[in-house]
Amino acid sequence: MRLRPDCSQLLPPPPPSSVAMASLANVFYNSLVKRNSVYVTSIFAGAFAFGVGFDVAITSFWDNWNKGKQWKDIREKYIQNDSTAN
């Protein structure tokens, strides 16, 4: 009977970054994905946080891009105060 050579001694050791990624994946799995209720809750929380962050970022960009053209910027030109109308 012929034995196969031990392949683990022929291969170089994995780089440290892949070891770190494996441990990061292990932490991710054990903390979020292992239980379905925690996984679904983290998906909903992440989607909500992304939606709020995206809305704030786009609103800020829109306000900056259209500065001086929006009603909130030119309102004082067209609206008189009650104290000056009398």
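Partners of F48 under the side chain to side chain contact (heavy atoms under 4.5 Å, CB included) rule, at least two apart in sequence or in another chain, are V52. Scored by the ring-ring contact (aromatic ring centres under 6.0 Å, His included) test, W65 finds F61 as partners (sequence neighbours excluded). The salt bridge (Lys or Arg N to Asp or Glu O under 4.0 Å) test applied to K34 returns no partner, not counting sequence neighbours. Partners of N26 under the side-chain hydrogen bond (donor to acceptor under 3.5 Å, both in side chains) rule, at least two apart in sequence or in another chain, are N30. Under the salt bridge (Lys or Arg N to Asp or Glu O under 4.0 Å) criterion, D73 pairs with no residue, sequence neighbours left out.
Applying the 4.5 Å side-chain rule to ILVMFWY residues, one finds that V27 remains a lone member of its cluster. Under a 4.5 Å side-chain heavy-atom cut-off, the cluster of Ile, Leu, Val, Met, Phe, Trp and Tyr residues that includes V40 is completed by F44. Summarising the hydrophobic clusters (Ile, Leu, Val, Met, Phe, Trp, Tyr; side-chain heavy atoms under 4.5 Å, direct or chained), the residues clustered with F50 are F54, I58. Other members of the cluster containing Y39 are F28, Y29, L32, V33, V38, I43, with ILVMFWY side chains joined at under 4.5 Å, either directly or via other members.
Residue pairs meeting the side chain to side chain donor-acceptor pair (under 3.5 Å) criterion with at least one member in residues 44-63, sequence neighbours excluded, are D63-Q70, D63-K72.
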